[in-house]
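Each remark here refers to the structure printed beneath this line.
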Amino acid sequence: MIIELKKFGITLVSRPAGREAFSAIRPLLKSGESVRVDFRGILAATPSWVDEFLTLLLEHTGDVELMPTDNASVLATLRVLAEANQGPVADLSREFLHS
Amino acid sequence: MKENERLSIGEAAEFLGVSVDTLRRWDASGKLKAQRSEGNHRYYFLADLKRFRADLDVIGQAWAASEQAPELPDEYYCERADRFTTRLERFGMLLLSAGTIPEKIVSLLIAVTGEIGDNSFAHNIGNWPDVPGIFFVYDINQHLVVLADRGQGVLKTLRRVKPSLENDYDALQTAFTEYLSGRSPERRGNGLKLVREISEENPIGLYFQSGIAVVQIPKQLGKFKIENTLRNIRGTFARIEF
């Protein structure tokens with residue numbers, strides 16, 4: 001399935017909001033299903049929101065793909081996450097930035 | 001606009017980013033006196049409004065540094081994070097509709113503003129020393145954002161994940177340059193690294209103070225530097241120029 005992040009607002013800023021977004025989407029996730037995350041329509045995102053959301057999403061389903069984006073704040077956020085954390089979110093961010 | 005141009009109360013409210021009711025209150029209290037036309041309608045001179053707006057920076061500093069919290073108009077104060085997010089989104093939409101700044105810079109500016117404002121809430125929740133929330137003002141014409149909080153400051157909150165920190169200078173150095181891997185005892189988003197990266201590489205300037213340490217990144221491309229000042233701010237104060 002595709003998760004359109006713009007459904008959660010155009011500014012994705014705080015950790016609690018990232019957690020709330022995951023809680024909202026969770027009942028719709030089928031186990032074993034691959035998930036694609038769509039950043040289209042977002043104005044700005046920060047490492048706090050994206051880290052929280054992707055951490056929970058990756059814990060739930062290991063099969064997550066980030067769809068291509070040219071949003072400057074999303075790209076800067078993924079660069080920070082790739083460098084900051086050791087773990088699945090960093091791996092996913094690196095994979096996206098190198099693809 | 002000419003300096004001696006007259007603005008109606010509605011136009012003045014829009015110019016300052018406050019409501020008409022707030023301007024009426026300020027007129028009654030003497031904080032910002034309106035002129036009166038022959039028909040007794042309120043009006044304002046543009047030059048007076050510009051002078052008043054220049055004080056935004058001073059109001060933010062006072063909010064962050066004074067012993068007792070000064071009273072703030074509702075429009076400048078976000079007690080809770082959800083109000084901050086709502087106003088941040090409105091700021092972004094205003095910038096986009098104004099069309100004077102490239103969309104890429106708007107995106108980065110909103111991320112920087114969001115990160116700094118959200119940090120105040122994330123790191124002080126349940127621990128505000130006196131008044132919770134943040135001072136948040138933007139001025140699209142002056143290309144200025146001011147954020148301030150009366151929280152515990154970067155040193156105290158960062159010591160929770162790095163107890164060896166000794167002073168404000170080292171705390172800001174760590175906050176802006178060092179990647180903290182700690183998932184415990186609390187999750188850190190490493191957001192100020194994002195702020196530094198964006199500000200250094202784009203036409204976004206930053207002045208960020210906590211305690212007696214100040215980080216400055218020039219608006220034109222350039223590296224950040226930290227220095228100590230004489231005046232202490234317990235929480236944080238940030239001015240963003242774009």
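Predicted model only: the values in this text are computed from it and were never measured.
- With rounding to the nearest 0.5 angstrom, the CZ atom of A/Arg15 is 13.0 Å from the CD1 atom of B/Ile125.
- Both the backbone and the side chain of B/Glu89 come within contact range of chain A, judged by heavy atoms closer than 4.5 Å.
- In this structure, CG on A/Leu75 lies 10.5 Å from CD1 on B/Ile198, to the nearest 0.5 angstrom.
- Interatomic distance, A/Glu20 CD to B/Asp82 CG, rounded to the nearest 0.5 Å: 9.0 Å.
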(request) Kindly determine whether B/Thr85 and A/Ser14 satisfy side-chain contact (heavy atoms from CB on, under 4.5 Å), including the steps that lead there. (result) CA-CA 9 Å; B/Thr85 309; A/Ser14 76; 5.5 Å; no
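- At a threshold of 4.5 Å between non-hydrogen side-chain atoms, the residues A/Pro47 and B/Lys193 do not count as touching.
- If you measure heavy-atom distances from B/Leu96 to chain A, the contacts under 4.5 Å come from the side chain alone.
- To the nearest 0.5 Å, the span separating NZ on B/Lys104 from CG on A/Asn71 amounts to 11.0 Å.
- Distance check, rounded to the nearest 0.5 Å: CZ of B/Phe91 to OG1 of A/Thr11 gives 12.0 Å.
- Between B/Met93 and A/Ile10 the shortest side-chain heavy-atom distance falls below 4.5 Å.
- Between A/Ser73 and B/Ile110 there is no side-chain heavy-atom pair separated by less than 4.5 Å.
- Looking only at distances, no side-chain donor or acceptor of A/Thr46 sits under 3.5 Å from a matching main-chain atom of B/Ala111.
- By the neighbour-count criterion of 12 heavy atoms within 6.0 Å, atom CD of B/Glu201 is densely surrounded, having more than that number from other residues, nucleotides or ligands.
- Of the atoms belonging to A/Ala45, it is backbone heavy atoms, and not side-chain ones, that fall under 4.5 Å from chain B.
- A 6.0 Å sphere centred on CD of B/Glu14 holds no more than 12 heavy atoms belonging to other residues, nucleotides or ligands.
- The 12-atom threshold is exceeded at CD of A/Glu33, counting heavy atoms of other residues, nucleotides or ligands nearer than 6.0 Å.
- If you tally non-hydrogen atom pairs under 4.5 Å between each of B/Gly92, B/Gly114, B/Ser107 and chain A, the highest count goes to B/Ser107.
- By the neighbour-count criterion of 12 heavy atoms within 6.0 Å, atom CZ of A/Arg26 is sparsely surrounded, having that number or fewer from other residues, nucleotides or ligands.
- Looking at heavy atoms from C-beta onward, A/Val80 lies in side-chain contact with B/Tyr179 at the 4.5 angstrom threshold.
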